[in-house]
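I have placed the structure first, in the form of structure tokens, so that the comments after it can refer back to it.
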Amino acid sequence: MDSLLIKGGVPLRGEVMISGSKNSVLPIMAASLLTSEPCIIRRVPNLSDVRFMGQILSWLGAEVRHEKDAVRIQARRIKGCGDYDLVRKMRGSICIMGPLLGRLRKAAVSLPGGCVIGARPINLHLKGFEALGARVTIEAGYVHAAARRLVGSAVFLGGRAGSTVLGTANVMMAATLAEGVTVIESAACEPEVVDLANFLNAMGARITGAGSPTVTITGVKELHGAEHEVIPDRIEAATYAIAAAATNGEVTLRGARADHMHAVLDKLQDCGVRIERSGPDLRVRRGGRLKPVDVTTLPYAGFPTDVQAQMMALMCLAPGISIITERIFESRFMHVSELNRLGADIEIEGPSAIVKGGRPLSGAPVMASDLRASAALVIAGLAARGTTQVNRVYHIDRGYENLDGKLRQLGARIERIEDA
Ligand code: EPU
């Protein structure tokens, strides 16, 4: 397994181009299953999760061609059952279920398990399918949904932690080809849901209200091919903004969408980070000493759980106490012990991490446990004295396009050690 070797202490400077959003492109690729016509998706990041979704779609019978930063998908004839092991490997692949149910009136995928960040149930996805008239059963590790007719209805998709992003995406996709009107209440408002709705509408769907808690889908008989460019990755942009602040640098995020990043930018400003907007670009620089802040993760437009770990790395550098509370995924604190290995002082108290910031960090070998935890360790390594080795880099390759290359372009001393 590859690792990253980081010699810390160099302020990041320069420009970085923000890639297309991972969490947008995965459901959008899955949505291409809703039509037999070709779909072309642009600004597709080169990530292992994207290639993996491509493999799942190919397995289902779709033709998938990656061309530079675009992918062309044509699902002329498809089967309704995802490969057990393929689907199980990537939790995001649950979003093939809505399109399969919509198009074929049946879908079977392996039941996704929990992962290091939490239990990750799919009860709300299934509740939505049932509301459309599907019968849902679990057999031999597969979850099956089948319906003779899908009929629109009202469904409340609020759960324990609020809305569900992929649950909203799944029900929205299935409902595009249902008879009549579906109204999703407590829908996720994330920009990725809006992006998916825009793609579906470009395919001929009739969706209104995406981006608000009430999404209305009027079913249509069929969808057609479409072309779409995915939105920039707000989590990647936030990660580089935090890395710039952590290293006392100055970085321009090219092609970021500040309007998708209010909660993160607001918190960074509270920490003393300067942010200037110029068109689609954002210039981020540290304005002096960092200040501690309290952060609670929430569904959009609150502070994203996907930036919690990176923010914690930054708070390790701010003298004083910051309290970071995780409200979306119960065990998303695997980075805490590794940040402490670098010299941080963080204690977990229930859903909160108490960060006593301001101690100098010093490089050490650390182990990444998930995608965003890995990003946090890279940020801490960039700010630490000495050398940090981040192991299990495959997590990063799932969700950050060319992270080490982009950081090198900003002046970081970071090297990939390939496993022999
Ligand atoms: N939940 C339920 N029941 C469900 C579905 C979700 O109780 O049926 C709960 C979850 O356990 C969690 C909360 O609802 O407590 C929110 O989960 P959500 O369903 O919104 O997460 P997701 O759709 O599975 C996507 C992203 C995650 C991101 C979350 C939250 C993709 C592929 N994944 O997951 O991204 O953290 O939304 O914003 O879009 C990442 O990129 O690192 C990542 C984990």
Side-chain angles (χ1 to χ4, degrees), residues 19-31 45 47-50 52-53 56 87 89-98 111-131 136 143 145 155-173 184 186-196 213 230-231 233-239 260 263-264 297-310 326-332 334-335 351 368-376 395-401:
S19 300
S21 159
K22 165 181 87 81
N23 289 346
S24 254
V25 77
L26 296 176
I28 286 175
M29 288 173 76
L47 302 172
S48 59
D49 270 9
V50 168
F52 202 69
M53 180 58 95
I56 291 172
V87 170
K89 265 198 208 158
M90 182 174 74
R91 205 191 171 283
S93 54
I94 188 70
C95 62
I96 61 173
M97 207 163 173
L111 195 60
C115 66
V116 291
I117 67 176
R120 312 203 72 179
I122 57 161
N123 58 310
L124 297 170
H125 303 229
L126 303 183
K127 178 183 174 186
F129 297 149
E130 281 176 335
V136 174
V143 49
V155 55
F156 178 77
L157 286 188
R160 184 178 56 76
S163 51
T164 161
V165 177
L166 291 178
T168 302
N170 246 339
V171 177
M172 199 162 79
M173 290 189 279
I184 305 177
S186 194
C189 302
E190 270 70 3
E192 294 75 18
V193 171
V194 179
D195 205 25
L196 173 65
V230 300
I231 54 171
D233 195 313
R234 63 194 168 99
I235 309 299
E236 187 200 27
T239 302
H260 293 165
V264 170
T297 65
L298 290 168
Y300 192 80
F303 193 93
T305 173
D306 291 343
V307 186
Q308 178 257 108
Q310 303 89 313
E326 174 55 56
R327 292 272 177 230
I328 309 294
F329 292 116
E330 64 269 28
S331 53
R332 204 170 199 179
M334 304 291 276
H335 41 284
S369 54
D370 78 69
L371 172 58
R372 310 302 173 188
S374 317
H395 288 297
I396 288 189
D397 297 334
R398 284 187 38 220
Y400 286 95
E401 183 171 47

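Order of listing sets the numbers, starting from 1, for every ligand and every atom in it.
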When you look for heavy atoms under 4.0 Å from ligand 1, do you find them on the side chain of [X], its backbone, both, or neither?
X    : answer
A161 : side chain
N123 : both
E330 : neither

Below 4.5 Å, heavy atoms only, C-beta onward: do [X] and [Y] meet side chain to side chain?
X    : Y    : answer
V193 : L196 : no
M53  : I96  : yes
Q308 : H335 : yes

Salt-bridge contact D306-R332 (side-chain N to carboxylate O under 4.0 Å): yes
Mind checking whether [X] has an N or O less than 3.5 Å away from an N or O of ligand 1?
X    : result
L26  : no
E190 : no
L166 : yes
L124 : yes

Nearest protein heavy-atom contact for [atom]: which residue, which atom, what distance?
atom                    : answer
atom 21 (O) of ligand 1 : F329 CZ, 3.8 Å
atom 34 (O) of ligand 1 : R120 NH2, 3.3 Å
atom 25 (C) of ligand 1 : V165 CB, 4.1 Å
atom 41 (O) of ligand 1 : R372 NH2, 2.7 Å
atom 19 (O) of ligand 1 : T164 OG1, 2.6 Å
atom 9 (C) of ligand 1  : R160 NH2, 4.3 Å
atom 12 (C) of ligand 1 : I328 O, 3.4 Å

Non-hydrogen atoms of [X] versus ligand 1: any pair closer than 4.0 Å?
X    : result
E192 : no
K127 : no
R332 : yes

For [X] and [Y], does a side-chain donor sit closer than 3.5 Å to a side-chain acceptor?
X    : Y    : value
N170 : H125 : yes
S21  : R234 : no
E192 : S24  : no

Using only atom types and a distance under 3.5 Å, with no angle test, would you say the side chain of [X] pairs donor to acceptor with the backbone of [Y]?
X    : Y    : value
R372 : T239 : no
T297 : R327 : yes
K127 : F156 : yes

Shortest heavy-atom approach to atom 31 (C) of ligand 1 - which of T305, I122, L298, N23: N23
For atom 2 (C) of ligand 1, the option (of P121, G159, S163) bearing the nearest heavy atom: P121
Give the C-alpha distance, both sets of side-chain angles, the deciding distance and a yes or no for salt bridge (Lys or Arg N to Asp or Glu O under 4.0 Å) between E330 and R160. CA-CA 11 Å; E330 64 269 28; R160 184 178 56 76; 3.7 Å; yes
With a cut-off of 4.0 Å, which atoms of ligand 1 are near a heavy atom of [X]?
X    : result
D306 : 27 (C), 28 (C), 35 (O), 36 (O), 40 (C), 41 (O), 42 (O), 43 (C), 44 (C)
K22  : 40 (C), 41 (O)
L371 : 42 (O)

